[in-house]
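See below for the structure under consideration.
Keep in mind that the numbers below use all heavy atoms, side chains included, and drop hydrogens, waters and symmetry copies.
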Amino acid sequence: MTQSVVVQVGQCGNQIGCCFWDLALREHAAVNQKGIYDEAISSFFRNVDTRVVGDGGSISKGKICSLKARAVLIDMEEGVVNEILQGPLRDVFDSKQLITDISGSGNNWAVGHKVFGSLYQEQILEKLRKSAEHCDCLQCFFIIHSMGGGTGSGLGTFLLKVLEDEFPEVYRFVTSIYPSGEDDVITSPYNSILAMKELNEHADCVLPIDNQSLFDIISKIDLVVNSGKLGTAVKPKSLVTSSAGAFKKQQEKPFDAMNNIVANLLLNLTSSARFEGSLNMDLNEISMNLVPFPQLHYLVSSLTPLYTLADVNIPPRRLDQMFSDAFSKDHQLIQADPKHSLYLACALMVRGNVQISDLRRNIERLKPSLQFVSWNQEGWKTSLCSVPPVGHSHSLLALANNTCVKPTFLELRERFMRLYKKKAHLHHYLQIEGMEESCFTEAVSSLSALIQEYSQLDATKSMPMEDLPRLSVAV
């Protein structure tokens, strides 16, 4: 069994990370009722004997003593990390694996990347090496960050280059939260575009998620819950997404439900690595099968059914409906419509009581309505994990390498150019040592080149498919 390390950077990254660890613990507790430290738990948790001083307390098998998340927590403001350390999950995190500062990055990519990057590079490297040493077979780093602020975008992408240099063989999966058009950070277009250049160059896979889509999904769930339909009573003690245990707080904050969706995405993404199944998918297989060209490594994700994201008793929909929903624009985690765009490849990660025949039947049923590139008409990758989300019978995570991601990048570039044409707020960045105006022009050129690659693929969409000549077989 392989292990993965989660690196959560900035306020957003740490809040989502905290939700993920909370849900992962609940999920393993529901399955592993004897309290034995097994391979499934070891993929993301260490078993530590807290009575042993130093690093000598790791236990490879037997009873669970004290679980420690394979995580590194980084934030240049200490508020969120301190909140986590005062909450119910405080013992899950190793206090030696935290890096915090007091001043924050002030919504400035350059401060996060250039100032804090060089200041904390050695400390970050030390924590990453320590995490790697605790793994028998380190397969993947998961980076969770946001694109709009300073620490998540700046230090989060600085970290990517550090990982590439230090651990070139280990996959770098990045979950990036993109700002919506109504974002309250005025400089978020600058931060996002500067961060995009680093994602283009140093990530293996990026799962872009935008705040507006998360907000829309939460609104849909609320609508169902409040519609008063039969069977939508709120569950008294749901284990699925209630994050009430994750933070010490009086009431739910507006972003908690949104963070929970992303945590569920990560939960489903890693389910094959954590549990057995009749058709397991290794994390490295995602990159191998879904990324045909190095630059085009942005995967659009969708989660179905939505009721697995809510603490409600909604009658389960038909299994086939779950597959149909995965391809509708209402279930995508960015503002996109994959059905009317071009697929390069698609992965379906199914959990629960679903048969391989169900998978095949639904792929055959949906195929005619989906457009795949001519050279990869059979571009499907599938996995079946036998363990469903807690309290539910089944769920599906779809990951699509699809040109529908292009409008998100076009809108980002447009918002960037509105500020950049006026050179507004530029002086805040240029006063940072190592920042020059060429950083901006190179970043927007990098994004434009990416958009151009998607446009060239889109141009092939309406072209007739060639009937390739077949070898004639002599009988």
Side-chain angles (χ1 to χ4, degrees), residues 16 19 23 175-178 180 206-227 229 232 240-241 257-269 271 286 290 298-312 314-352 354 358-359 362-363 365-367 369-372 380-383 385 388-389 392-408:
I16 290 170
C19 282
L23 295 180
T175 303
S176 302
I177 311 300
Y178 282 68
S180 65
V206 181
L207 303 175
I209 294 163
D210 77 50
N211 271 326
Q212 189 58 49
S213 293
L214 295 178
F215 183 78
D216 291 346
I217 287 171
I218 293 303
S219 301
K220 282 190 202 82
I221 292 171
D222 287 345
L223 201 65
V224 173
V225 173
N226 298 323
S227 65
K229 286 177 187 168
T232 58
V240 181
T241 60
M258 290 161 71
N259 290 340
N260 261 326
I261 295 177
V262 187
N264 270 279
L265 159 68
L266 293 170
L267 214 58
N268 287 353
L269 182 67
S271 61
I286 295 172
L290 296 191
Y298 294 86
L299 306 180
V300 178
S301 48
S302 62
L303 281 168
T304 68
L306 287 184
Y307 65 73
T308 58
L309 303 175
D311 295 333
V312 292
I314 299 173
R317 302 179 81 178
R318 287 193 350 266
L319 190 64
D320 288 11
Q321 186 63 47
M322 177 177 84
F323 284 91
S324 299
D325 287 346
F327 296 91
S328 80
K329 62 180 183 184
D330 292 346
H331 288 70
Q332 309 305 314
L333 299 192
I334 66 165
Q335 303 273 290
D337 188 359
K339 254 188 164 176
H340 293 98
S341 302
L342 192 66
Y343 280 87
L344 281 73
C346 184
L348 299 177
M349 305 182 79
V350 185
R351 300 182 63 184
V354 181
D358 296 322
L359 253 176
N362 276 287
I363 288 174
R365 180 175 67 83
L366 290 161
K367 243 189 202 174
S369 63
L370 307 173
Q371 279 192 287
F372 274 73
W380 297 89
K381 181 69 183 164
T382 54
S383 80
C385 170
H392 294 281
S393 57
H394 48 252
S395 74
L396 167 64
L397 165 65
L399 297 174
N401 195 338
N402 188 298
T403 59
C404 67
V405 76
K406 186 175 76 170
T408 297

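Summarising the geometry of Lys220 relative to Asp330, their closest heavy-atom pair is NZ-O, 3.4 Å, with the distance given to 0.1 Å. In terms of heavy atoms, Leu359 sits closest to Ser383 at CD1-O, 4.4 Å. Scanning all heavy atoms of the two residues, the minimum distance from Leu265 to Leu303 falls at N-CD1, 3.8 Å.
Contact annotation: the side chain of Tyr178 never approaches that of Ile334 to less than 4.5 Å [non-hydrogen atoms, C-beta and beyond]. Taking 4.5 Å as the limit, some side-chain heavy atom of Ile16 sits within range of a side-chain heavy atom of Ile177. Side-chain contact between Ile363 and Thr382 is present, with at least one heavy-atom pair separated by less than 4.5 Å. In this structure the side chain of Asn268 reaches within 4.5 angstrom of the side chain of Ser395, judged on heavy atoms. Contact annotation: the side chain of Pro338 approaches that of Cys404 to within less than 4.5 Å [non-hydrogen atoms, C-beta and beyond]. The closest side-chain heavy-atom distance from Leu333 to Leu207 is not below 4.5 Å. Contact annotation: the side chain of Lys381 never approaches that of Ile286 to less than 4.5 Å [non-hydrogen atoms, C-beta and beyond]. Annotation: side chain of Leu370 is in contact with side chain of Lys339 (closest heavy-atom distance under 4.5 Å).
Paired with Ser341 under the rule side-chain contact (heavy atoms from CB on, under 4.5 Å), one option of Val300, Val405, Asn402 passes, and it is Asn402. Screening Leu397, Asn362, Leu396 for a side-chain contact (heavy atoms from CB on, under 4.5 Å) involving Leu348 leaves a single residue, Leu396.
Thr304 places a side-chain N or O within 3.5 Å of a backbone atom of Met322 that can act as its donor or acceptor partner. Between the side chain of Gln332 and the backbone N or O of Ala326, at least one donor-acceptor pair lies under 3.5 Å. Arg365 places no side-chain N or O within 3.5 Å of a backbone atom of Phe323 that could act as its donor or acceptor partner. Within the 3.5 Å criterion, the main-chain N or O of Leu399 finds no donor-acceptor partner in the side chain of Ser301. Asp210 contributes a side-chain N or O that, together with a main-chain N or O of Gln335, makes up a donor-acceptor pair within less than 3.5 Å. In this structure, the side chain of Ser328 does not engage the main chain of Ser324 through any donor-acceptor pair within 3.5 Å.
Rounded to the nearest 0.5 Å, atoms CZ (Phe327) and OG (Ser369) are 8.0 Å apart. Note that CE of Met258 is 9.0 Å distant from CG of Asp216, once rounded to the nearest 0.5 Å. With rounding to the nearest 0.5 Å, the separation of CG in Asp358 from NE2 in His394 is 9.5 Å. Rounded to the nearest 0.5 Å, atoms CG (Leu299) and CG (Leu290) are 5.5 Å apart.
Ring geometry for Phe372 against Trp380 counts as tilted: the plane angle lies between 30° and 60°, on a 0 to 90° scale.
No more than 12 heavy atoms of other residues, nucleotides or ligands shown are found within 6.0 angstrom of NZ on Lys329.
Scored by the side-chain hydrogen bond (donor to acceptor under 3.5 Å, both in side chains) test, Asn401 finds no partners at all (sequence neighbours excluded).
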